[in-house]
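Naming convention: chains lettered A, B, ... in sequence-line order (proteins, then strands); numbering from 1 in each chain.
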Amino acid sequence: MSDKFENDLREHLHHEAEEIREFPRRLRGRIREGIAPRARPRMAPQLALAGALVLVAVAVLAVRNPQVITVVVSPIKNLLQPSPSPTPQPFACSDRSGGTTGLLGQLTAIRVAHHAEAPGFDRMVFDFSSGIPSYDLIRQESSTFVRDASGQSVTLAGSTGIKLIFRDTDVQGVPDDQKPNLPAVREIENIGNFERVLSYGIGLSSSQCVRVLELSNPSRLVVDVTTSTSASASPAPTPLPTVPEATDLGPFSCQDRGGGSETSPAMRLTDVRVAHQAAGYDRIVFQFAPPVGASAHLPAYTVSRQASTKFVKDPSGLEVTMRGSSGLRIVFHGASGADSYTKSRDITPGLPVVQEVEQLGDFEAVLSWGAGLSRPSCIRTLELSNPTRLVIDVQTP
Amino acid sequence: MLMDPALGRVIERCRDGDRDAFEEVVDRYGLQLLRTARLILRDQALAEDAVQETFLRAWQRIGSLRDEDPGPWLNRIAMNESISAYRRRHRFQALTERFGRLSGGKREVSSEAHLDLAHAFDQLSAEQRAAIALHYYQDLSVEDTAKALRVPVDTMKSRLKTALRRLRDLTGSEEISA
């Protein structure tokens, strides 16, 4: 039931909003311009004339020296021809990363099709307007994903999955959800598009061995997923991290995790500890305390796996590369360590898997840390109280 | 939510690339989106940029809109744009403040000071303002507000409660227990 304060708030918001009496004509004009087809450039006649002059010059030179034609034509052919179709490469059962760091990408289409020729595979093609941005491809043992940045879970068709993350990337005209129901690729859904980090969850029927090709003209990332178990021709395929047996502390899982609650006031980070446990895991502990007079709770969090150790700092946007070959990104909403955490913000414990743990951001009650891992690993999270802690166990070999 | 048939025909024309039809969509939803973005961003120019970007994205993605009312879909895009725009601007402010070059940005207020609602609203985070604007200005249910901001319903309940409590604290209003 609304009380007087809520009614006052409602009235205030309407009053403030209605200060804008009509939709500005200039804004309507800007939108009209934005959706209009691109006009022919005014320089077209001049460019055409310049082109004609170049052709005449080349023709004159060619008459004098025929070799000129080869010199001129071959780079143009290279420029116009799309890069060749992908040549067969071995499939590998491992996470992948690549692309160009710092490049602003624009995803324009996702195409999916089955290729029956041996070895059978399903092909996903991610088209970009210019260049392939930095990306991570992470395999996981279930088709449940955690949405960025809400932390909400979503389960796609299939029984296993791949998470594909593009950094510095925007998307245009691509459906949020596709269900091709191919032998391997069952569903592709946008699971995050926030602050230029674009994530897709891909639900697979079972197989997770992949090959990744970066092609140009046009720029596209090709991800092939095997449809038969015999298709893996990789000399030493790395299996998906095995899930150890459940213990009293609960099972490990090779997928992203989320939990906690977004409750005010922001909790204060007081400690970060990292240690190896002989039971077969490295443990990272984030410990919190409530502000004076407030009750304790674990802030809302997400723990996301990634296939590289590159992270983006918040709020600077600067890229940082940690030790190791893959990573975890841990984000708390409603938490800060600015006034409460006094220890190192870059810990390098050199454990079997956890190589580095570093703070990535502490801004507007969004606290983020990253962990550099020596190998892709399954994780387990535990929410503990007295004191309030988030425990992240990272499986070791 | 299903579309009324007339609106359905407009959207169908948009899918066929009819820009005049899309301008009808802009006319229908633009003002409310702009007002909501202005409530969140507290800045007219930024709000206009966010709404412009919202409609450009909507035009590019119109093919992915299913047979549903485009209002909630546009709201989702607009909220994402508004919150991202707010965070971009405040990242810059935070950096410049850190180096002592600028003293603007969010003002800290002492717990004793009681502000009016407008100034108290300025003190909320962009996510809280978005929740309050959708729920109390657009009169969306908690469930629809959660969908627009892509968070679980329980998180939204908690976010609204937290934001209200902060507004009450800042304005010195007493909470009336049920």
Side-chain angles (χ1 to χ4, degrees), chain A residues 1-6 8-24 26-28 30-32 34-37 108 147-153 170-177 192-196 261-265 300 314-317 333-334 363-366, chain B residues 19 22-23 26-27 30-32 34-36 38-39 44 47-48 51-52 55-57 59-64 80 83-84 87-88 90-92 94-95 117-118 121 125-127 132-133 136-137 139 149-152 154-155 158-159 161-168 171 173-176 178:
Chain A
M1 185 190 292
S2 292
D3 63 19
K4 182 175 179 308
F5 180 77
E6 287 177 84
D8 287 348
L9 175 62
R10 196 171 277 118
E11 194 178 312
H12 165 77
L13 293 176
H14 277 269
H15 180 76
E16 187 177 319
E18 283 155 20
E19 285 173 5
I20 306 175
R21 295 194 174 278
E22 60 182 20
F23 196 69
R26 62 178 180 279
L27 180 53
R28 183 179 279 106
R30 280 158 55 187
I31 294 167
R32 193 183 301 127
I35 65 172
T108 54
R147 286 190 192 279
D148 178 31
S150 70
Q152 211 168 3
S153 286
D170 215 338
V171 60
Q172 278 191 348
V174 179
D176 283 342
D177 191 14
N193 179 13
F194 190 63
E195 304 244 312
R196 285 191 173 271
S261 62
E262 191 178 322
T263 308
S264 185
D314 178 26
S316 68
H333 290 265
F363 180 64
E364 293 203 332
V366 177
Chain B
R19 283 183 289 279
F22 191 71
E23 287 190 23
V26 174
D27 287 342
L31 183 56
Q32 190 180 45
L34 180 63
R35 286 171 167 175
T36 309
R38 168 73 178 74
L39 286 174
Q44 178 76 16
E48 289 187 12
V51 169
Q52 179 184 349
F55 280 115
L56 296 187
R57 280 170 189 271
W59 172 250
Q60 287 152 357
R61 294 187 203 170
I62 196 81
S64 67
N80 196 12
I83 292 171
S84 294
R87 287 178 67 86
R88 276 196 298 273
H90 280 255
R91 274 178 180 172
F92 174 74
L95 280 174
L117 258 177
F121 200 59
S125 69
E127 287 84 355
I132 291 279
Y136 288 100
Y137 166 60
D139 285 325
L149 293 170
R150 300 183 186 195
V151 297
D154 285 343
T155 303
S158 140
R159 187 174 293 176
K161 196 174 167 187
T162 305
L164 269 185
R165 191 185 303 131
R166 178 130 172 86
L167 286 175
R168 284 183 204 277
T171 54
S173 302
E174 294 288 324
E175 186 164 10
I176 298 168

message = Need one label for A/His14: side chain, backbone, both or neither, based on atoms under 4.5 Å from any heavy atom in chain B.
response =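 Its backbone and side chain both get close to chain B.
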task = Answer with side chain, backbone, both or neither: which region of A/Arg26 has an atom nearer than 4.5 Å to a non-hydrogen atom of chain B?
result =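 Interface part for A/Arg26: side chain.
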Within this structure, what is the [atom1]-[atom2] distance for the pair [X] and [Y], rounded to the nearest 0.5 Å?
X: B/Arg61; Y: A/Asp176; atom1: CZ; atom2: CG; value: 6.0 Å
X: A/Glu19; Y: B/Arg35; atom1: CD; atom2: CZ; value: 10.0 Å
X: B/Gln32; Y: A/Phe23; atom1: CD; atom2: CZ; value: 12.0 Å
X: B/Tyr136; Y: A/His12; atom1: OH; atom2: NE2; value: 13.5 Å
X: B/Asp139; Y: A/Leu13; atom1: CG; atom2: CG; value: 10.0 Å

task = Using atom types as modelled and distance alone, determine if a side-chain donor or acceptor of A/Arg32 lies under 3.5 Å from a backbone N or O of B/Glu23.
result =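 Not confirmed, A/Arg32 side chain does not pair with B/Glu23 backbone.
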key: Options A/Val171, A/Leu27, A/Ile35, A/Ile31, ranked by heavy-atom pairs under 4.5 Å with chain B, top entry   =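 Between A/Val171, A/Leu27, A/Ile35, A/Ile31, the count favours A/Ile35.
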ask   = Pick from A/Val174, A/Asp170, A/Asp177: which one has the most heavy-atom pairs with chain B under 4.5 Å?
value =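 The candidate making the most pairs under 4.5 Å is A/Asp170.
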What part of [X] lies closer than 4.5 angstrom to a heavy atom of chain A: side chain, backbone, both or neither?
X: B/Ile62; value: neither
X: B/Ala118; value: both
X: B/Asp154; value: neither

inquiry  = Are there over 12 heavy-atom neighbours, none belonging to A/Glu11, within less than 6.0 Å of that residue's CD?
reply    =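 Counting neighbours around CD of A/Glu11, 12 or fewer heavy atoms of other residues, nucleotides or ligands fall under 6.0 Å, so no.
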key: For B/Arg19 against A/Ala36, the heavy-atom pair lying closest together   =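 Reported closest heavy-atom pair: CD-CA, 3.9 Å.
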query = Of the non-hydrogen atoms in A/Glu22 and B/Leu31, which two are nearest, and what is the gap between them?
reply =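 For A/Glu22 versus B/Leu31, the nearest heavy atoms are C-CD1, 3.6 Å.
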key: Sub-4.5 Å side-chain heavy-atom contact between A/Leu9 and B/Leu164   =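 Heavy-atom side-chain distance check passes, below 4.5 Å.
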inquiry  = With heavy-atom distances below 4.5 Å as the criterion, would you say the side chains of A/Arg30 and B/Glu48 are in contact?
reply    =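 Yes; the side chains approach each other to less than 4.5 Å.
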